[in-house]
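Atoms within each ligand, like the ligands themselves, are counted from 1 in listed order.
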Amino acid sequence: MSTEETCIEFDNVLAGYKDFMILNNLSFKAKRGKITLLLGPNGAGKSTVLKTLFGLLKVRHGRVLLDGQDITGASPKDLLVRHGIAFVPQGRNLFGQLTAYENLELGGITLGMKTTHERIPEVLELFPRVKERMHSAAASLSGGEQKQLEVGRALLLRPRVLLIDEPSIGLSPIVVQDVFRLLRKLADQGTTVLMVEQNVKSALKMADEAIALESGRLVLHKAASELLADPDIERLFLGGAHAAAPAATV
Ligand SMILES: Nc1ncnc2c1ncn2[C@@H]1O[C@H](COP(=O)(O)OP(=O)(O)O)[C@@H](O)[C@H]1O
Ligand SMILES: [Mg+2]
């Protein structure tokens, strides 16, 4: 892989919570304009990778690079505003009592109101159902609409990189497909997507690459299509939370 294509790079990263390290000298690269899936059993450290990349956890050793630039130790605010990294965490992250529109306004707080108001209509075009309900309280939207609104709020900043943690949780299969299709479209337009997802088979169908972690270590990095065609995929990833961990291939 040429360095031109590399967008995100973890170089021997050691990171975790207080004195408890979760990522153990983790190294991987994710390509620009591609969707990279982060797979692995519960507790493997997938969410920890996203939190570390977004500056929420301290890197104790090693480096994090974005388009070749060292961003180790940068604050979430700088990563968002200066470097264009947006993070959509797992679960519900909206202000439920505020309207969908107001949630978008808050998402644009660093842009200033003029730019925010110019961009909101563009974002709403991507989500017709959210647009119809833009004056309703966010909490009254369906789970799928809320997740779309969260993605829309992140897109207001026109991020270069979108980090998204288990977006399909609680969504119907049809809505999951809508979310995945949108992510595909964003990637095709140049956004780099790093996604944690338990819905392994459908996610692999829309992703470009797959990385698997086990106990904070990289155990696999393959093209998504190659992994999808692997007869061992059922055993590796589809047996539920207690399935055997993937065999080391790197
Ligand atoms: N806030 C936290 N404080 C301490 N340990 C945590 C915290 N969050 C997660 N962990 C631990 O870090 C490990 C990896 O968690 P996580 O990255 O959330 O896994 P995954 O997303 O792959 O399921 C787990 O052992 C988990 O218990
Ligand atoms: Mg997680």
**Q** So how far is it from Leu37 CG to Leu227 CG, rounded to the nearest 0.5 Å?
**A** 9.0 Å
**Q** Using heavy-atom distances, let me know which of Lys46, Gln198, Lys51 sits nearest atom 20 (P) of ligand 1.
**A** Lys46
**Q** Got an N, O or S from Asn42 under 2.8 Å of the Mg ion (ligand 2)?
**A** no
**Q** Starting from atom 24 (C) of ligand 1, which protein heavy atom do you reach first, and at what distance in Å?
**A** Gly43 O, 3.8 Å
**Q** Taking 4.0 angstrom as the limit and counting only heavy atoms of Thr48, give me the atoms of ligand 1 inside it, by number and element.
**A** 14 (C), 15 (O), 16 (P), 17 (O)
**Q** Does any N or O atom in Phe20 lie less than 3.5 angstrom from one in ligand 1, N or O only?
**A** no
**Q** Between Leu149 and Phe127, does the side-chain contact (heavy atoms from CB on, under 4.5 Å) criterion hold? Intermediate values first, please.
**A** CA-CA 8 Å; Leu149 178 56; Phe127 308 104; over 6 Å; no
**Q** Which pair of heavy atoms, one from Val179 and one from Pro167, lies closest together, and at what distance?
**A** CG1-CB, 4.2 Å
**Q** Identify the two heavy atoms, one from Leu53 and one from Leu79, that lie closest to each other, and give their separation to 0.1 Å.
**A** O-CD1, 3.4 Å
**Q** Would you say atom 26 (C) of ligand 1 makes contact with the protein, given that contact here means a non-hydrogen protein atom less than 4.0 Å away?
**A** no
**Q** Crowded around Arg160 CZ? As in, over 12 foreign heavy atoms under 6.0 Å?
**A** yes
**Q** How far is atom 5 (N) of ligand 1 from its nearest protein heavy atom, and which residue and atom name does that atom have?
**A** Tyr17 CD1, 3.4 Å
**Q** Looking at ligand 1, is there an atom of it that comes within less than 4.0 Å of some heavy atom belonging to Gly40?
**A** no
**Q** Identify the two heavy atoms, one from Ala154 and one from Val88, that lie closest to each other, and give their separation to 0.1 Å.
**A** CB-CG2, 3.9 Å
**Q** For Asn42, take its heavy atoms, then give the atoms of ligand 1 lying under 4.0 Å from any of them.
**A** 23 (O)
**Q** Could any protein non-hydrogen atom be found less than 4.0 Å from atom 1 (N) of ligand 1?
**A** yes
**Q** Ile22 heavy atoms, cut-off 4.0 Å: which ligand 1 atoms fall inside?
**A** 11 (C), 12 (O), 13 (C), 14 (C)
**Q** Which pair of non-hydrogen atoms, one from Lys29 and one from Ile211, has the smallest distance, and what is that distance?
**A** O-CD1, 4.3 Å
**Q** For atom 18 (O) of ligand 1, what's the nearest protein heavy atom and its distance?
**A** Ser47 CB, 3.6 Å
**Q** Is there a donor-acceptor pair under 3.5 Å between the side chain of Lys147 and the backbone N or O of Gly91?
**A** yes
